[in-house]
Each structure stands twice: as structure tokens, then as C-alpha cells.
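All ligand and atom numbering here is 1-based and tracks the order in the structure. Because the structure is predicted, anything quoted here is derived from the model rather than measured. Position 1 is the first residue of the sequence, and the numbers go up from there.
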Amino acid sequence: MKKIAIYPGSFDPITNGHIDLIHRASKLFDKVIIGITQNSKKSSFLSIDERIDAATTALKDVDNIEVLSFNTLLVDFANEQNVQVILRGLRAVSDFEYEFQLSGMNKHLNPNIETLFMTPAEQYANISSSLVREILSLGGDISVFVPKSVETLLKTKL
Ligand code: ADP
């Protein structure tokens with residue numbers, strides 16, 4: 001059986017922190033699905049198509065990944081895709097409480113799917129999509145936080 005993990009998130013936009021995690025996860029699993037949420041409650045900066053394109057371009061050198069979007073329950077989508085593992089990133093202690101709650105809820109919803117946490121390389125631990133958007137809106141340099149293709153896309157949105 002193929003070992004497949006899903007890395008779900010808003011990816012609004014995908015950052016070097018996400019990409020670091022995906023590169024390392026791609027060595028542990030046969031396939032990693034980047035599951036981009038079409039979150040109805042949270043309004044996004046980039047459209048779902050832009051977020052899919054940004055992730056696909058940024059990850060074009062990784063063979064065993066697939067970029068998909070979903071708007072159902074994560075555990076249902078994971079089941080549909082034959083996924084055994086939900087992958088989440090932990091940057092700091094502040095991420096822990098929310099992630100712990102989320103993984104507990106998902107375990108109740110489907111006990112067969114495990115949540116696995118990974119930490120990024122140190123230089124990516126402070127990057128968040130929301131801070132990238134904020135720095136961008138204030139005219140700051142985002143080039144160390146996102147790939148060139150994402151920087152270019154974000155600048156066209158201003
Ligand atoms: P969400 O809106 O679901 O939190 P995000 O796109 O912000 O989606 O993040 C998806 C996952 O990636 C989350 O588990 C988040 O903690 C993790 N993550 C975000 N930024 C980084 C980073 N710089 N390094 C490692 N993990 C990260």
C-alpha cells in the first residue's frame with residue numbers, strides 16, 4: 001500500500017516555510033497531497049486558482065506531490081484520497097494549542113487517520129502567510145519569505 005500524506009492549509013500564499021516542510025515530507029511518503037482549503041468563512045487574499053497555481057509552480061521540482069483543493073471535511077477528503085496521515089507544521093509553542101485541538105477533533109471524526117507534526121528548518125520558523133501579506137501591503141521586501149514566482153504574483157495583486 002502506498003503511503004500518502006495530506007498537508008492541508010490555506011496557503012494564502014505558499015511560503016518558504018511550507019515548501020521546506022513539503023520537501024522533507026516528500027522523502028518520507030510515497031506521495032504528499034497539498035490540500036488547499038476553499039475556506040468559506042475566511043476570506044482569502046489570493047483566489048483558489050491563484051493559490052493552486054502558486055503552489056504548483058513553487059513545487060514543480062518535486063515529483064511525488066499533487067496540489068488539490070477541497071471544500072469538505074478534511075477527514076472525508078483524506079479518506080477519498082486514500083490518505084493515512086494528515087501533516088501539519090508546528091512553528092512555535094503558540095501553534096500547539098490550536099493544532100492539538102484540531103488533531104483531537106479529526107481523530108474523533110476518523111480514528112484511522114493520524115496527524116503528524118513536523119517543524120521547519122530554523123530559518124523558516126517565523127514565516128507565516130499572514131505576515132507575508134502584511135509586509136507586502138506595507139511595501140516591505142518579501143523575497144526571503146516566498147519563492148520568486150510567488151513574489152511576482154503577489155506584487156501583481158497590489
Ligand atoms: P491554516 O490556515 O490551515 O493554518 P496555513 O496555510 O497557514 O493554513 O498553514 C498550513 C500548515 O502549515 C499549518 O499546520 C501551519 O502551522 C503550517 N505552517 C505555516 N507556516 C509554516 C512555516 N513557516 N513552517 C512550518 N509550518 C508552517
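Ligand 1 has no N or O atom lying under 3.5 Å from any N or O atom of Thr15, backbone or side chain. Considering both main-chain and side-chain atoms, Phe11 comes within under 3.5 Å of ligand 1 through a nitrogen or oxygen pair. At least one N or O atom of Ile127 sits closer than 3.5 Å to an N or O atom of ligand 1. Note: an N/O pair closer than 3.5 Å links Tyr124 and ligand 1 by distance alone. Polar contact with ligand 1: absent for Ser128 (N/O pair, distance under 3.5 Å).
Of all atoms in ligand 1, listed by their number and element, those nearer than 4.0 Å to a heavy atom of Gly17 are 22 (C), 23 (N), 24 (N). Close contacts of ligand 1 with Glu99, meaning ligand atoms under 4.0 Å from a residue heavy atom, involve 13 (C), 14 (O), 16 (O).
Residue-environment remark: CD (Glu97) stays at or below the threshold of 12 foreign heavy atoms within 6.0 Å. No more than 12 heavy atoms of other residues, nucleotides or ligands shown are found within 6.0 angstrom of CG on Asp63. Residue Lys157 places its NZ atom among more than 12 non-hydrogen atoms of other residues, nucleotides or ligands, all under 6.0 Å distant. Environment of CG in Asn64: crowded, with over 12 heavy atoms of neighbouring residues, nucleotides or ligands closer than 6.0 Å. Atom CD of Glu66 is surrounded by more than 12 heavy atoms from other residues, nucleotides or ligands within 6.0 Å.
Screening Arg24, His18, His23 for a side chain to side chain donor-acceptor pair (under 3.5 Å) with Asp20, the sole residue that qualifies is Arg24. The one candidate from Ile14, Ile34, Asp53 that meets the side-chain contact (heavy atoms from CB on, under 4.5 Å) condition with Val67 is Ile34.
Using a 4.0 angstrom heavy-atom cutoff, Phe117 does not count as in contact with ligand 1. Within the 4.0 Å heavy-atom cutoff, Met118 does not count among the residues contacting ligand 1.
In terms of protein heavy atoms, atom 4 (O) of ligand 1 is closest to Arg88 NH2, 3.5 Å. Looking only at protein heavy atoms, the nearest one to atom 12 (O) of ligand 1 is Tyr7 OH, 2.6 Å. Nearest protein neighbour of atom 16 (O) of ligand 1, counting heavy atoms only, is Gly89 O, 2.8 Å. Remark: minimum distance from atom 8 (O) of ligand 1 to any protein heavy atom is reached at Ser10 N, 3.0 Å. For atom 20 (N) of ligand 1, the nearest non-hydrogen atom of the protein is Arg91 NH1, 3.2 Å. The protein heavy-atom contact nearest to atom 19 (C) of ligand 1 is His18 NE2, 3.4 Å.
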How far apart are the C-alpha atoms of Ser69 and Gln38, what are their side-chain angles, what is the distance that settles it, and do they pass the side chain to side chain donor-acceptor pair (under 3.5 Å) test?
-> CA-CA 7 Å; Ser69 66; Gln38 300 182 34; 3.1 Å; yes
Worked verdict on Asp141 versus Ser143 for side chain to side chain donor-acceptor pair (under 3.5 Å) | CA-CA 6 Å; Asp141 179 11; Ser143 62; 2.8 Å; yes
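In this comparison of Ala92, Pro120, Gly35, the heavy atom closest to atom 24 (N) of ligand 1 sits on Pro120.
Residue contacts with ligand 1 for Pro8 involve N, CA, C or O but no side-chain atom from C-beta outward (heavy atoms, distance under 4.0 Å).
Of the possible donor and acceptor atoms, none in the side chain of Arg51 sits under 3.5 Å from a partner among the backbone N and O of Ile36.
Nearest heavy-atom pair, Glu50 versus Leu153, reported as atom, atom and distance to 0.1 Å: O-CD2, 4.1 Å.
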